[in-house]
Novice: 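This is the structure I have questions about; it appears just below.
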Amino acid sequence: MDLSGLNAPQREAVTTTEGPLLVLAGAGSGKTRVIIHRLAYLMQKRKVPATSILAVTFTNKAASEMRERAVKLAGLAARKVTLCTFHAFGAEVMREHASKLGFPKKFAIADMGDQVSIIKRAMRERNVDDRAFDARKVLSIISRAKNSRTEPQPKPEGQGDDYDLVAHLVFPLYQLALKAQGAVDFDDLLLLPARLFAEFPQVKKQYTDRFRYLMVDEYQDTNAAQLELLVHLSGKDKNVCVVGDDDQCIYSWRGAEVRNILDFERHFPGAKEVRLEQNYRSTSVILDAANAVIAKNPARKDKRMWTETLGGAAIQSVVAPDENEEARFVAFQIKKAVGLGTPPEDIAVLYRTNGQSRPIEEALREVGVYYEVIGGQEFFDKREVKDVIAYFKVLANPLDQISLLRIVNVPARGIGDVTLERLSSFAQETGKPLWDVLKAAHEVPDLPRGAAEKVAEFCVLMEKYRAQYEKGHLGATTRALLAEIQFADAARASTHSMTAADKKIRAVEDLISSLESFEQKEGARARLMNYLHRLSLDTREEEEEPERRGNVTLMTLHSAKGLEWKLVFLIGLEEDLLPHSGMQGEPPNPEEERRLCYVGITRARDRLVLTRAAQRVKRGKAVPRTPSRFLQDLPEALVEVVDLVGETVAPEPEQQTKFFAGLREKLKAPPKPPPTGG
DNA sequence: TGCAATATCATTTTT
DNA sequence: TGATATTGCA
């Protein structure tokens, strides 16, 4: 086991294997390296079996990257380490023990759409005007309460808004509705295993006996429920190693408690603490800028990040007339950098909100640079994709009323609103699941013979395919199902343009191929519900590592955490955008926004470009914008200001040269040949 | 019942 | 502005 490549604190973090350990790892301090080496050290030096190690990361992407690197360092044994997110771990526990808590073995995981529908329904039931209150906002209150191990409470009389009251009223119904559908939500994937461990000592023992060594990455973003789970899992030996950086806590809106990392010693008495303060990633220019921004936050663990890479390119601060010019500037700069030899995969454009990617995408297409947008929801937002997934859900879980209602008449098969209304109210009256009522439609009073007939046909169809899916062959069965219901024809008919129809059909094709590659990986064990679980736990759309090579990366600051690029564009440095002003009603959190900006700055290795627009089109109207306060916090000596207001980034090829000539002068860059067209 | 035009209305981040 | 909800019409 070679530890010579590590510095002293890194080595200490790797070799301290017994008892609780807090590793405070600043941005770019080689945190992942430490985790990987620690895994290898545990297995090789301490002879800990891989199966006794549980390593938890924040995203699935991080987990699979970590596994890959661990295998490289420690060999194939590392494959047997349990390496996943808290939520995936919780789902695993639930798959084994769901019935102990009264959930079906094949429980479903409710997605956001399901949750919102349930809440809307519950609001109506409580006589709350479901148009006056945004169900998603109610959901976020409920979710935050659950993650903090509490229940939503109404604010004292006159204080605060009515949302807390609505959430309080709706909460019990929401919980009941989930259970009635045999479903859990994301938060339950943490809460229910914790309850399981608390109520069933033998279940807890099963896990504490197995996992003797725990590691948690991104500990600053864990919430109360995750802490509880961790305390349970840590058993008697308390071999818990958590790694994190309080300056990078950016998920408090999801219940993350910076206090978890600040109070680690209190939760795990006798904990050791190691600080990693040397930055191996960025130039000192970039690091100094980052330090200047984050220093303005009160109440942090006082870390002093330093680097041996002194100097570096100045940070550019660019003002463009509007968001389109901002995007074009970024695109041309990227084109130029690529022309000068920077590989596209070493470049990223980061932004606060997903919506900001659009102008950038257009501009990059204009200059012919390939890119990949990470995150966003577009794929799952396609109606056809949602429809097919709803079919899956009903086939895997007949209790899923919401999905059933969604697809019972998709494609149109003559089961209209009137019929459905009658069926659901009959279900309500008799307390039977809707699916059972459908199967016995002829027993429902006041239902016309024709309607009952169509419902019966639908049931036959579903029963037939449910049996098919039970046997496996997920992909083939899906194709058969979609062919039988003439899904493609319906999609085509629902739109006039061929290309729009093609896109829809392609999206469904992509879904099927993702199902098929899941099937390939799981082999004969592949079942529909497991696929659905994976879909909801792993938001990465494509199976294979998305083509990072040759592509510039576009993503939000939140998804950028933990990643790095040679050249980073951080766009939209404007008040109300970064720092974001938050949803109205919700108080803004300027400290968290500052940490977010810090995360963005520290993603850059060599060069950082900060851009903003003087005005931005919002709701169709041009709105003047104020520069972000964070720009003011940068030491002047590190920054080069570029003012593009009143100029247009040239769209025509012959003007590009001219534009770059002008730009070179502005940036006082050494003369270089203009980029090749292309 | 199904479709198309019209009205409305939002606006953060993600497991 | 652009996506979705709702209404109105065939």
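Proteins come first, then strands; the chains are lettered A, B, ... in the order of their sequence lines, and each starts at number 1. Being a predicted model, the structure only gives us computed values, none of them experimental.
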Novice: Assign the ring pair F197(A) / Y207(A) to parallel, tilted or perpendicular, where the plane angle (0 to 90°) is split at 30° and 60°.
Specialist: tilted
Novice: Once you round to the nearest 0.5 Å, how far does CG of N147(A) lie from CG of L191(A)?
Specialist: 6.5 Å
Novice: Could you check how far NE2 of H87(A) sits from P of dT15(B), rounded to whole Å?
Specialist: 9 Å
Novice: Give a yes/no on whether any side-chain N or O of S559(A) is located under 4.0 angstrom from OP1 or OP2 of dT13(B).
Specialist: no
Novice: Figure out the OH/C1' separation between Y251(A) and dT14(B), and round it to whole Å.
Specialist: 6 Å
Novice: If only atom types and distance count, is the side chain of D633(A) paired as donor or acceptor with the main-chain N or O of V293(A) below 3.5 Å?
Specialist: no
Novice: Using heavy-atom distances to pick each residue's nearest nucleotide on DNA chain B, tell me which of T419(A) and F186(A) is more 5'.
Specialist: T419(A)
Novice: What's the CG-C1' distance between N147(A) and dT14(B), to the nearest Å?
Specialist: 12 Å
Novice: Categorize F86(A) for me: base, sugar-phosphate, or nothing, with a 4.0 angstrom heavy-atom threshold over every strand shown.
Specialist: nothing
Novice: Please report the distance, rounded to the nearest Å, between CG in L420(A) and P in dT1(B).
Specialist: 9 Å
Novice: Does OP1 or OP2 of dT15(B) have a side-chain N or O of S536(A) closer than 4.0 Å?
Specialist: no
Novice: Quick one: R136(A) CZ to dA5(C) P, roughly how many Å, whole number?
Specialist: 11 Å
Novice: Is H580(A) stacked on the base of dT13(B), meaning ring centres closer than 5.5 Å and planes within 30 degrees of each other?
Specialist: no
Novice: Per the atom types in the model, does the base of dT13(B) pair as donor or acceptor with the side chain of R352(A) at under 3.5 Å?
Specialist: yes
Novice: Would you kindly compare A88(A) and D134(A) by the position of their nearest DNA chain B nucleotide and give the one closer to the 5′ end?
Specialist: D134(A)
Novice: Taking side-chain contact (heavy atoms from CB on, under 4.5 Å) as the criterion, tell me which of K296(A), E575(A), E574(A) meets it with R629(A).
Specialist: E575(A)
Novice: Which residues, if any, of residues 115-124 of chain A bring a heavy atom under 4.0 Å of DNA chain B?
Specialist: none
Novice: Quick check for you: among dT15(B), dT12(B), dT13(B), whose closest atom lies nearest to any side-chain atom of T556(A)?
Specialist: dT13(B)
Novice: Return the NZ to CG distance between K146(A) and N223(A), rounded to the nearest 0.5 Å.
Specialist: 12.0 Å
Novice: Does a nitrogen or oxygen in the side chain of N354(A) sit under 4.0 Å from OP1 or OP2 of dT14(B)?
Specialist: yes
Novice: Looking only at heavy atoms, what is the nearest atom pair of G562(A) and R603(A), with distance?
Specialist: N-NH1, 3.1 Å
Novice: If we count only N and O atoms by modelled type, under 3.5 Å, do the side chains of T57(A) and D217(A) hold a donor and an acceptor together?
Specialist: no
Novice: Expressed in angstrom and rounded to an integer, what is the separation of N223(A) atom CG from dT15(B) atom P?
Specialist: 14 Å
Novice: Could you tell me how far dT4(C) sits from dT13(B) if I compare only their P atoms? Round to whole Å.
Specialist: 15 Å
Novice: Would you kindly give the CD1-to-P distance between I109(A) and dT14(B), to the nearest whole Å?
Specialist: 19 Å
Novice: Give N409(A) one of three labels, base, sugar-phosphate or nothing, depending on what nucleic acid heavy atoms sit under 4.0 Å from its own.
Specialist: sugar-phosphate
Novice: Identify which nucleotide among dT13(B), dG2(B), dG2(C) has an atom closest to any side-chain atom of R358(A), counting heavy atoms from C-beta outward.
Specialist: dG2(C)
Novice: Side chain of V617(A) only, please: which of dT1(C), dT14(B), dT15(B) is the nearest?
Specialist: dT1(C)
Novice: In whole angstrom, give the distance that lies between atom CD1 of I250(A) and atom P of dT15(B).
Specialist: 11 Å
Novice: Base, sugar-phosphate or nothing for R595(A)? Non-hydrogen atoms, less than 4.0 Å.
Specialist: nothing
Novice: If the plane angle is over 60° it's perpendicular, under 30° parallel, otherwise tilted; pick one for W253(A) and H558(A).
Specialist: perpendicular
